[in-house]
Amino acid sequence: MQYHQSVDKLFIFVFGPLAFAALLLVIATGIRRAIARFRSRSTPDQLKAVYESYLRRLLHPQPEAVEKELGKFLPERLLQLYEDHSAVQAAGFQLEKPGGTRWRPKRWQVYCFEPLDLESLNELPYEEDLGPGFCFATTGRSSWYWIAASDQRQNDSPVIFLDYDGSGSHGAIVAPSLDEFLNLPRLPFK
């Protein structure tokens, strides 16, 4: 049997067009993703409208509607927090819990406070094990600070950390009361 030189080029003739088509597909997909990412960016006017809506909801709490939906009462200290407009507008800080080690103190990040309304209640996580309550602040990274609701209005309640980011602090008691939580030393984000 005689060897033909065209057999050497068979691999290129068969797989060359397939490799070229795959390369074109990768390039087209990358361009499509870049265009979609560019189009989905919010304009400055859209960002301003979102912030104004958030601020309007934050400064006009609806505790009665939230309590009606929960079927329980929120602690008095939480209601007082939302009456203090400067307190709920505070954002981007860390709370340092005393008693930690000097080299690595325990810090709890607070990105912002959540509006006290039905929209927040329905968008934020609900923990079956903890029962009715409200996530009043967030870290901005899939974690929230939660306070329990009860059958009768309590003065205060412990603050529990709901961690869906996987750092291992889910269900940790941050402070025995909201008042203590709000009075922990504050530091800026690092």
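Along the sequence shown, residues are numbered consecutively beginning with 1. The analysis underlying the following values was restricted to heavy atoms, covering all of them including side chains, and did not include hydrogens, waters or symmetry mates.
Atom CZ of residue R107 and atom CG of residue L187 lie 5.0 Å apart, to the nearest 0.5 angstrom.
The side chain to side chain donor-acceptor pair (under 3.5 Å) search around S120 returns R57, D117, not counting sequence neighbours. Applying the side-chain contact (heavy atoms from CB on, under 4.5 Å) test to Y111 and every residue at least two apart in sequence or in another chain returns T138, F189. For D151, the salt bridge (charged side-chain N to carboxylate O under 4.0 Å, His left out) partners are K72, not counting sequence neighbours. Take D84 and apply the side chain to side chain donor-acceptor pair (under 3.5 Å) test, not counting sequence neighbours, and it matches S86. Scanning for side-chain contact (heavy atoms from CB on, under 4.5 Å) contacts around T29 gives L25, R33, with sequence neighbours left out.
Residues L162 and Y164 form a side-chain contact, since some pair of their non-hydrogen atoms from C-beta on lies under 4.5 Å apart. The shortest distance between side-chain heavy atoms of P188 and F93 does not fall below 4.5 Å.
Hydrophobic side-chain contacts under 4.5 Å tie V50 to no other Ile, Leu, Val, Met, Phe, Trp or Tyr residue. Hydrophobic cluster membership of F20, counting Ile, Leu, Val, Met, Phe, Trp and Tyr whose side-chain heavy atoms lie under 4.5 Å apart directly or via other members: L24.
Counting heavy-atom neighbours within 6.0 Å of N183 CG, excluding the residue itself, gives a total above 12.
Of the possible donor and acceptor atoms, none in the side chain of D163 sits under 3.5 Å from a partner among the backbone N and O of S143. Under the 3.5 Å distance criterion, the side-chain polar atoms of E114 are left unmatched by any main-chain donor or acceptor of C135.
Between L55 and the options H60, Q89, H85, a side chain to side chain contact (heavy atoms under 4.5 Å, CB included) holds for only Q89.
Counting only residues at least two apart or in different chains, salt bridge (charged side-chain N to carboxylate O under 4.0 Å, His left out) contacts with residues 170-186 comprise R77-D179. Annotation: salt bridge (charged side-chain N to carboxylate O under 4.0 Å, His left out) contacts involving residues 137-150, sequence neighbours excluded, are absent. A salt bridge (charged side-chain N to carboxylate O under 4.0 Å, His left out) check over residues 18-27, counting only residues at least two apart or in different chains, returns nothing. Listed by first then second residue, pairs satisfying ring-ring contact (aromatic ring centres under 6.0 Å, His included) with a partner in residues 129-154 read F136-F181, Y145-F161, Y145-F181, not counting sequence neighbours.
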Validation: residues 64-71 side-chain donor-acceptor distances under 3.5 Å, sequence neighbours left out:
from : atom 1 : to   : atom 2 : distance (Å)
E67  : OE1    : R153 : NH2    : 3.4
E67  : OE2    : L74  : N      : 2.9
E67  : OE2    : R153 : NH1    : 2.6
E67  : OE2    : R153 : NH2    : 3.3

